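Below, each value reflects all heavy atoms present in this structure, side chains not excepted, and no hydrogens, waters or symmetry copies. The structure presented is a predicted model; accordingly, all values stated were derived computationally and were not measured.
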Amino acid sequence: MKANLSDLSLTAIAPIVWGSTYLVTTQFLPGFSPMTVAMLRALPAGLLLLVIMRQLPAGIWWLRAFVLGALNISIFLSMLFVAAYRLPGGVAGTVLSAQPLIVVFLAAFLLSGRLRPLTVVAALVGMGGVALLVLTPSASLDAIGIAAGLAGATSMALGSILARKWQPPVSPLTFTAWQLTCGGLLLLPVVLVVDHAIPVPTVSNLLGLVWLGLIGAAVTYALWFRGIGRLAPSVVSSLLFLSPLTAVLLGWVFLGQTLSILQITGIALVIGSIWLSQRANG
């Protein structure tokens, strides 16, 4: 249990840090488009890790690295970009919170695991908690935005399952380097076509990019893929509910946003869903 708690705690760092993305992007990178930020977050961090680890993929791992990089980085972030532009933030966050539920079913199908009803309940409770955290009564719906959000959630869910299925004979840092580099390379032409020019960064911009790239990508993805290799997929995916929770708490602490009774209830549901998921796999 102690080792599992250690693995759980280290893995949880990733979604907690990812929850700072909105705050850092709005405060330090106001002139950058989401696609440019996504590419600058992934590619430099991946290349830096490649230089440090000095190990390239071999054989079938070239294809697998690009597949995982596309699923976990390129497609996921691109669909997140579409959802964010076409949906209010609360709706986008709620749709994307379907990922743990998708993981539960994909894991049972692709990893020949047993579908536990309690893990499904835990995922649904977590989605309800996120909805209370970020959804507003006036939120409007858009079919394309919802489809993009579900596609992004499914993409990273599938990427997480395949990362568990395709455990490489390398360290988590090397595995992370491959995926960030491949994902960033796939995003590069999209940025050049859609965004045309990347703004000249200021000192404030560089601080934001360093946080998102080194901490929010290189370190966190290494911890995330380490957790994928050690914990049950439903347990790992349940930790993703910590991202919107962190984003709301950071907005409360640093941006002066208020917490309603419904949001506090949402926090309790998110924490409860993670506990339920651990119990189901205990």
Side-chain angles (χ1 to χ4, degrees), residues 10-11 13-15 17-18 21 35 38-81 96 98-100 102-113 148 150-191 212-214 216-237 239-240 243:
L10 286 173
T11 308
I13 292 173
V17 172
W18 294 339
T21 299
M35 291 300 292
M39 185 275 293
L40 292 175
R41 182 180 190 174
L43 187 55
L47 291 174
L48 177 62
L49 285 180
L50 277 182
V51 171
I52 294 173
M53 304 310 294
R54 298 183 180 182
Q55 188 172 2
L56 293 173
I60 190 63
W61 283 104
W62 277 109
L63 175 60
R64 290 179 175 178
F66 271 100
V67 169
L68 293 174
L71 291 171
N72 288 319
I73 309 296
S74 308
I75 297 175
F76 170 68
L77 292 176
S78 297
M79 292 299 98
L80 181 65
F81 166 72
L96 286 163
Q99 183 178 327
I102 297 171
V103 165
V104 169
F105 289 99
L106 284 179
F109 178 71
L110 295 176
L111 300 179
S112 301
L150 289 174
T154 303
S155 177
M156 192 171 179
L158 180 57
S160 297
I161 295 299
L162 290 179
R164 169 70 179 237
K165 188 179 181 69
W166 296 339
Q167 281 296 297
V170 295
S171 69
L173 273 178
T174 300
F175 196 28
T176 301
W178 295 352
Q179 293 186 63
L180 286 176
T181 301
C182 292
L185 287 173
L186 292 171
L187 281 172
L188 186 57
V190 178
V191 170
L212 292 178
L214 289 183
V219 173
T220 54
Y221 271 105
L223 292 173
W224 185 250
F225 293 125
R226 176 187 179 275
I228 285 175
R230 292 169 178 250
L231 300 168
S234 60
V235 172
V236 176
S237 64
L239 297 174
L240 289 170
S243 281

Query raised in the report: Which distance, rounded to the nearest 0.5 Å, do you find between the CE of Met156 and the CD1 of Ile102?
Result: 12.0 Å
**Report entry** Nearest non-hydrogen partners of Leu223 and Thr11, listed with the distance
**Finding:** O-OG1, 4.0 Å
Report task. Compare every heavy atom of Pro57 with every heavy atom of Trp62, then report the nearest pair and how far apart it is. Result -> NE1-O, 2.9 Å
Report summary line: Distance col, row Leu43:CG vs Thr181:OG1, nearest 0.5 angstrom, shows 6.5 Å
Query raised in the report: Minimum heavy-atom separation for Ala217 to Ala45, with atom names?
Result: CB-CB, 4.2 Å
Report task. Could you grab the distance from atom CG of Leu212 to atom CZ of Arg41, nearest 0.5 Å is fine? Result -> 5.0 Å
Query raised in the report: Under the 3.5 angstrom rule, does the side chain of Ser155 hit a backbone N or O of Ala151 as a donor-acceptor pair?
Result: no
**Report entry** Distance in Å, Ile228 CD1 paired with Lys165 NZ, rounded so as to fall on 0.5 Å steps
**Finding:** 14.5 Å
Report summary line: Here the pair of heavy atoms bringing Trp178 nearest to Gln55 is NE1-O, 2.9 Å
Query raised in the report: Which atom pair, heavy atoms only, marks the closest approach of Ser160 to Asn72?
Result: N-OD1, 3.5 Å
Query raised in the report: Mind checking what makes ring pair (Phe, Tyr, Trp, His ring centres under 6.0 Å) contact with Phe225, not counting sequence neighbours?
Result: Phe175, Tyr221
Query raised in the report: Nearest heavy-atom pair of Ala222 and Thr176: which atoms, and what distance?
Result: CA-OG1, 3.0 Å
Query - pair Leu186-Ile73: side-chain heavy atoms closer than 4.5 Å - result: no
Requested in this report: Could you check if a side-chain atom of Trp224 sits within less than 4.5 angstrom of a side-chain atom of Val236, using non-hydrogen atoms only?
Outcome: yes
Query raised in the report: Can you tell me how far the CE atom of Met39 sits from the CG atom of Leu77, to the nearest 0.5 Å?
Result: 12.0 Å
Query raised in the report: Is there side-chain contact between Leu214 and Val219, with heavy atoms separated by less than 4.5 Å?
Result: no
**Report entry** Ser234 side chain to Val104 backbone, donor-acceptor under 3.5 Å
**Finding:** no
Requested in this report: Indicate yes or no: at least one non-hydrogen side-chain atom of Leu158 is less than 4.5 angstrom from one of Leu106.
Outcome: yes
**Report entry** Spacing of CG belonging to Leu111 relative to CD1 belonging to Ile161, to within rounding of 0.5 Å
**Finding:** 5.0 Å
